[in-house]
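Here's the structure we're looking at; comments come further down.
What you see is a predicted model, and the numbers here were worked out from it, not measured in a lab. The residues of the chain are indexed from 1 along the displayed sequence. Atoms within each ligand, like the ligands themselves, are counted from 1 in listed order.
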Amino acid sequence: MPTPTDTLKLGWIGAGRKGYEMAARLARGGCDIAVWNRTKSKAEPLAKYGAKVVDALQELAAKDIVFCMVSTWEDVKQVMGKLLENKQKPKMVIECSSISLEGSAELRRLLNEKQIQYLAAPVSGNAKVIKAGKLTFVVSGPKAAYEAARPYLDMMGVGSSYVGEGELSRIVKICHNVMLGVVTQSLCEITILAEKAGVPRHAFLDFLNKSVMGSMFTRYKTPALVNLDFHVTFTPKLLRKDMDLGLDAGRRFEVPMPVAALTRDLIQQMIGHGMTEEDFSTLLLMQAKASGVALKPENKEVGDGLSS
Ligand SMILES: NC(=O)c1ccc[n+]([C@@H]2O[C@H](COP(=O)([O-])OP(=O)(O)OC[C@H]3O[C@@H](n4cnc5c(N)ncnc54)[C@H](OP(=O)(O)O)[C@@H]3O)[C@@H](O)[C@H]2O)c1
């Protein structure tokens, strides 16, 4: 069992949908944590859990461990540049955003030059999953650094998988999110197929979720698909970024990825139609339109498999 610890001083960069919930778990667990977010107001509610919300990124520079959870590699580069602007430097950086292998390797070089330990630690799970305590990390970098950071990673969810040195965790996360895109597209196709053939979505998904094909993911997406609640958990643009990272990696390692390529373009089509502000599971709406189905919320109470 992870034990709450306030031994080390933690810094946190990025209080977006994910970063906020992750930092909240550390603060609620009793950690000494200071948080910076570009839009400060989004981080401010973390003060109620005991986090210190700072104005300047440089205020995190002397912490023992600085976590980073922003959007893309370009954003990571910007915040890291500002963090290390002055002489002070943290002992360790744990970077959790979903970024490329190349970006992660560049960050490792930059941090190694300054003798800062670096763990690449992307995650699986949206904000709701974090709230339910089910976030998971995949981690790569020096094993000793991982062992030192592990109690904090454990406090944010169900634990972590250590996969080796360097940027190996990045490719694992990229593969994972390619599966997220592909599975979601498939789930939308078959749900619309069943509906057009006459089966209500809640009944179809009830069976699927109880079957060996059901998963934590299909269960927690069920309320969205049944009741058309597309409150954003992950944006179409962030998913496109991850599909592109997967396809880039496929080209680099010469691995054909035909299903991923097709799915990437379906997501692109959705973005091209201006569907950018809601959840990526609006792929269901695209599929319905392409199938001549006029979707209506079923207004059924269906479980998400997360809340008991
Ligand atoms: N949502 C999911 O289900 C999910 C699951 C696994 C992994 N991820 C990955 O986790 C990361 C965060 O996702 P999210 O859903 O939390 O995104 P989000 O809600 O859009 O939050 C993005 C965060 O990054 C900050 N940011 C972006 N660009 C910045 C810049 N140039 N300088 C400083 N701060 C910047 C934003 O600050 P502001 O508040 O000022 O905009 C915000 O705190 C992404 O890499 C995503 O691919 C997401």
Subject >> side chain to side chain donor-acceptor pair (under 3.5 Å) partner of D32, the single match among K52, K63, K9 >> reply: K9
**OP:** Please report which non-hydrogen protein atom sits nearest to atom 25 (C) of ligand 1, along with the residue it belongs to and the distance in Å to one decimal place.
**Re:** V70 CG1, 3.8 Å
Subject >> Atoms of ligand 1 close to T233 [distance to a heavy atom under 4.0 angstrom, numbered from 1] >> reply: 1 (N), 2 (C), 3 (O)
Subject >> Where ligand 1 meets G16 - atom numbers and elements under 4.0 angstrom, heavy-atom basis >> reply: 16 (O), 19 (O), 21 (O), 42 (C), 43 (O)
Original post:
Think R28 forms a cation-pi with Y49, using NZ or CZ under 6.0 Å from the six-ring centre and within 45 degrees of its axis?
Top reply: yes
Subject >> Spacing of CD1 belonging to I65 relative to CG belonging to L60, to within rounding of 0.5 Å >> reply: 13.0 Å
**OP:** Say whether E74 and ligand 1 are in contact under the criterion: heavy-atom distance to a ligand atom below 4.0 Å.
**Re:** no
Original post:
Which one holds for H176 and ligand 1: side chain close, backbone close, both close, or neither close, with close meaning a heavy atom under 4.0 Å?
Top reply: neither
Original post:
Between N177 and ligand 1, is there a nitrogen or oxygen pair with a distance under 3.5 Å?
Top reply: no
Subject >> Nearest-neighbour protein heavy atom for atom 40 (O) of ligand 1, which is reported as residue plus atom name and distance >> reply: T39 OG1, 2.5 Å
Original post:
Which of the atoms in ligand 1, numbered in the order shown and given with their element, are less than 4.0 Å from a heavy-atom of G14?
Top reply: 43 (O)
Subject >> Candidates R17, K237, K221, K128 - the one meeting salt bridge (charged side-chain N to carboxylate O under 4.0 Å, His left out) with D279 >> reply: K221
Original post:
Do R170 and E95 meet the salt-bridge criterion of a basic N to acidic O distance under 4.0 Å?
Top reply: yes
Subject >> Nearest neighbour in protein (non-hydrogen) for atom 28 (N) of ligand 1 >> reply: D75 CG, 3.1 Å
**OP:** Examine the proximity of ligand 1 to S124 and report which part, side chain or backbone, both or neither, has a heavy atom under 4.0 Å away.
**Re:** neither
**OP:** Please state whether G125 comes within less than 4.0 angstrom of ligand 1, counting heavy atoms only.
**Re:** yes
Original post:
Can you check whether V302 reaches N227 side chain to side chain, under 4.5 Å on heavy atoms?
Top reply: yes
Subject >> Short N-O contact, D244 and K241, less than 4.0 angstrom >> reply: no
Original post:
Is any side-chain heavy atom of V66 less than 4.5 Å from a side-chain heavy atom of M92?
Top reply: no
Original post:
Could you walk me through whether E147 and R150 pass the salt bridge (Lys or Arg N to Asp or Glu O under 4.0 Å) check?
Top reply: CA-CA 5 Å; E147 291 304 340; R150 199 171 175 173; 3.4 Å; yes
Subject >> Proximity of Y220 and F217 rings by center, below 6.0 Å >> reply: yes
Original post:
Among protein heavy atoms, which lies nearest atom 3 (O) of ligand 1, and at what distance?
Top reply: N126 CB, 3.2 Å
Original post:
For atom 22 (C) of ligand 1, what is the nearest protein heavy atom, given as residue, atom name and distance?
Top reply: S71 OG, 3.4 Å
Original post:
So which heavy atom in the protein is nearest atom 6 (C) of ligand 1, and how far is it from that ligand atom?
Top reply: K18 NZ, 3.1 Å
Original post:
Quick one: do K210 and D206 make a salt bridge, cutoff under 4.0 Å?
Top reply: yes
**OP:** Can you sort out which atoms of ligand 1 are near S97, meaning under 4.0 Å from one of its heavy atoms?
**Re:** 45 (O)
Original post:
Which of the atoms of ligand 1 are close to K42, meaning less than 4.0 Å from one of its heavy atoms?
Top reply: 38 (P), 39 (O), 41 (O)
Subject >> Basic-acidic side-chain contact under 4.0 Å: R252, E102 >> reply: yes
Original post:
What residue and atom, counting heavy atoms only, is the protein's closest point to atom 17 (O) of ligand 1, and at what distance?
Top reply: L238 CD1, 3.9 Å
Original post:
By number and element, which atoms of ligand 1 are closer than 4.0 Å to a non-hydrogen atom of K241?
Top reply: 44 (C), 45 (O), 46 (C), 47 (O)
Original post:
What are the atoms of ligand 1, with element, lying closer than 4.0 Å to any heavy atom of V79?
Top reply: 32 (N), 33 (C)
Original post:
Would one find an N or O of N37, backbone or side chain, under 3.5 Å from an N or O of ligand 1?
Top reply: yes
**OP:** Give me the one residue out of L283, L205, T222, L284 that meets side chain to side chain contact (heavy atoms under 4.5 Å, CB included) with L187.
**Re:** L205
Original post:
Is the shortest side-chain N to carboxylate O distance from R219 to D304 below 4.0 Å?
Top reply: no
Subject >> For M69, atoms of ligand 1 separated by under 4.0 Å from a heavy atom >> reply: 10 (O), 11 (C)
**OP:** Give the residue and atom name of whichever protein heavy atom lies nearest to atom 9 (C) of ligand 1, and the separation in Å to one decimal.
**Re:** S98 OG, 3.4 Å
**OP:** Counting heavy atoms only, name the option from R38, E21, R17 that's nearest to atom 18 (P) of ligand 1.
**Re:** R17
